Amino acid sequence: MNIIISNSGDKPIYEQITSQIKNAIISGELEAGAPLPSLRYLAKELRVSLISTKRAYEELEKDGFIESVQGKGSFVTGKNKELMKEEQFKKIEECLQEAVDMARIAHIPCEELKDVLAAMYDEG
């Protein structure tokens, strides 16, 4: 697992860690039961604060992607990948609904909104 942190972006470090680990789990790069690096090790490797890695792991656990066992570490849960994708899709739909509402207020046609979405998707 390769996590890349950007200090120049708007996204907090813990969110960068969280989203990259979620992506690795959903894509199958990290399978159920796979151990994650310890909080201290990950913080040291990424050259970030222990607080950032702790918060990232807490978010992952809260969202059901990992489980932490006292004295043993953190592991990818056996949660169904399709269920995880569905949960992510619901969040995407909420964000897209907000974008559609804003576009309607600004009288931006659907085709222009689609073009922006396609361009953003292709950039990523």
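Atoms considered below: every heavy atom in the structure, side chains included; atoms not considered: hydrogens, waters and symmetry mates. Predicted, not measured: the structure shown is a model, and the values here were computed from it.
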Carefully, step by step, assess K62 and E59 under the rule salt bridge (Lys or Arg N to Asp or Glu O under 4.0 Å). CA-CA 5 Å; K62 182 184 80 165; E59 290 291 316; 3.4 Å; yes
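- With contacts defined as side-chain heavy-atom distances shorter than 4.5 Å, the pair I108/V116 does not qualify.
- Using a 4.5 Å cut-off on side-chain heavy atoms (C-beta onward), Q16 and S52 make no contact.
- Rounding to the nearest 0.5 Å gives a distance of 12.0 Å between CZ of F89 and CD of E94.
- The closest side-chain heavy-atom distance from L39 to Y57 is below 4.5 Å.
- Atom CD of E98 has 12 or fewer neighbouring heavy atoms from other residues, nucleotides or ligands inside a 6.0 Å radius.
- Following chains of ILVMFWY side-chain contacts shorter than 4.5 Å, one can reach I26 starting from L30, so the two form part of one hydrophobic cluster.
- Here the CD atom belonging to E112 is positioned 13.5 Å from the CG atom belonging to L117, to the nearest 0.5 angstrom.
- Connection of I21 to L46 is established within a shared hydrophobic cluster, with ILVMFWY side chains joined at heavy-atom distances below 4.5 Å, either directly or through further cluster members.
- Judged purely by distance below 3.5 Å, without hydrogens or angles, the side chains of K54 and S49 never pair a donor atom with an acceptor atom.
- Note: R47 CZ to L42 CG = 13.0 Å, rounded to the nearest 0.5 Å.
- One finds a salt bridge joining E111 and K114 here, because a Lys/Arg side-chain nitrogen approaches an Asp/Glu carboxylate oxygen to under 4.0 Å.
- Counting all heavy atoms, side chain and backbone alike, P37 lies closest to Y41 at CB-CD2, 3.7 Å.
- Annotation for I51: atom CD1 does not count as buried by contact number, only 12 or fewer foreign heavy atoms lying within 6.0 Å.
- The nearest pair of heavy atoms linking S27 to A24 is OG-O, 3.2 Å.
- Using a 4.0 Å cut-off between charged nitrogen and carboxylate oxygen, E58 and R55 do not count as a salt-bridge pair.
- Of all heavy-atom pairs spanning Q20 and I4, the tightest one is NE2-O, 2.6 Å.
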Audit row: K91, D63, side-chain contact (heavy atoms from CB on, under 4.5 Å) steps and yes/no: CA-CA 12 Å; K91 291 177 184 177; D63 291 344; 3.9 Å; yes
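- Side-chain heavy atoms closer than 4.5 Å link hydrophobic residues (I, L, V, M, F, W, Y) into clusters, and following such links, possibly through other members, connects V48 to L50.
- Shortest non-hydrogen contact noted between A103 and L113 is CB-CD2, 3.9 Å.
- When hydrophobic clusters are built by joining Ile, Leu, Val, Met, Phe, Trp and Tyr residues whose side-chain heavy atoms come closer than 4.5 Å, directly or via intermediates, I17 is grouped together with V76.
- Side-chain N/O atoms of E61 and S68 include a donor and acceptor closer than 3.5 Å.
- Side-chain atoms of I66 and I25, non-hydrogen and from C-beta on, do get closer than 4.5 Å to each other.
- Here T18 contributes atom OG1 and K11 contributes atom NZ; the two are 8.5 Å apart, rounded to the nearest 0.5 Å.
- Once rounded to the nearest 0.5 Å, the distance linking CZ of F65 with OG of S74 reads 14.5 Å.
- The shortest side-chain heavy-atom distance between K44 and R40 does not fall under the 4.5 Å cut-off.
- Atom CG of residue L36 and atom CG of residue L60 lie 7.5 Å apart, to the nearest 0.5 angstrom.
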